[in-house]
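This report refers to the structure that appears directly beneath it.
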Amino acid sequence: MTTMPVKRDKTIIIHSKVSYGYVGSSTTALVLQTGRQDVITVPTVLYSNRLGLASVGGGVLPTALFASLLDGILQLDILAEVSSIITGFIGSAEQVILTAGFVEKVKARHPDIVYLCDPVMGDADEFYVAPGVPGAMIDRLIPLADVLTPNSFELQQMLGRRFASLEEMTAAIRENGRFSEQELVVTSCQFADTPPGWIDIVSLDYGQLHLERTPRVAVDPPGTGELFAAHMHLQMLNGAAFPLAIRRAARVMQAVLAGIKAGNRREMALQDILHSMEIAGRKAAGR
């Protein structure tokens, strides 16, 4: 009797969920599903809309309910079908600890499952997660990751120091040493020596440093970090090497942001996600 190999086409997403808008898993799941990757979503918070608007309903998922969801997934016995785990916005330090335990259990059973940690803490020198979450992430989640996608502000929290130049960032990363066995990409880098009108993406591929410099688009809609990470991850799932996946995702982001700016909009919409998939398809095909 011939046994068919199990198809690994599922990604577990542990992230925020909003009823309205495109942030958190609303973006991550849509990109992966449109890219033919099935998703298993676990909400950390349930909000009516993104933070930062005049009002927001909902709140953090109760700890017991969150723990039950994670345990329920483990009980399904479907990990052989899972290719990767993505974590993003986490609602409490308790959720971080539970998420770390979940990742440890999954990796113990299937060490080849890739864990991408987007260590959402804040941006532009401002935290927008609950107190205790950044420290718990740094202590428990970040060391477990195969791939890390912080922005520049988040990397500074991870390293416990500030830097004004690419050389200072590189020195801080290498002195820390914790990322030598991980793939790290740092977005939204604006150094003193970054040319006007440009923005830098710095990556470390198991010790090898790369710099991707792209034209800066003067618009900053919420959800860009999720969109970038999802596209980079999808490229890697489809076989692209880490530096190439970053380059393609950066080009996708540049085109999407240019479209949002041309439309004089401040928020991402469905049309932007779908447009991003069209661009990604052309980049993958070499067009």
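Just so it is clear, the structure is predicted and the values come from calculations on it, not from any experiment. We use all heavy atoms of the structure for the numbers below, so side chains are in, but hydrogens, waters and symmetry mates are not. The chain is numbered in sequence order, starting from 1.
Atom CE of Met137 and atom CE of Met121 lie 6.0 Å apart (nearest 0.5 Å). If you take CZ on Arg50 and OH on Tyr128, they are separated by 10.5 Å, rounding to the nearest 0.5 Å. Atom CD1 of Ile273 is separated from atom CD of Gln33 by 12.0 Å, given to the nearest 0.5 angstrom. Interatomic distance, CG of Leu184 versus CZ of Arg178, reported as 10.5 Å (0.5 Å rounding). The CG atom of Asp118 sits 10.0 Å away from atom CD1 of Ile90, with the distance rounded to the nearest 0.5 Å. Considering NE2 of His275 and CD1 of Ile260, their distance stands at 10.5 Å, rounded to 0.5 Å.
By the 4.5 Å heavy-atom criterion applied to side chains, Val186 and Asp200 are not counted as neighbours.
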Which pairs of donor and acceptor atoms, one on a side chain in residues 18-25, lie under 3.5 Å apart (sequence neighbours left out)?
unit_1: Ser25; atom_1: OG; unit_2: Ser16; atom_2: O; d: 2.9

**Study point:** side chain to side chain contact (heavy atoms under 4.5 Å, CB included) between Val82 and Thr11, worked out
**Key:** CA-CA 6 Å; Val82 172; Thr11 293; over 6 Å; no
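Counting heavy-atom neighbours within 6.0 Å of Arg174 CZ, excluding the residue itself, gives a total above 12.
Put simply, the residue from Ile201, Thr187, Ile199 that forms a side-chain contact (heavy atoms from CB on, under 4.5 Å) with Glu212 is Ile201.
We find that Arg8 and Asp38 are not joined by a salt bridge, their nearest charged nitrogen and carboxylate oxygen being 4.0 Å or further apart.
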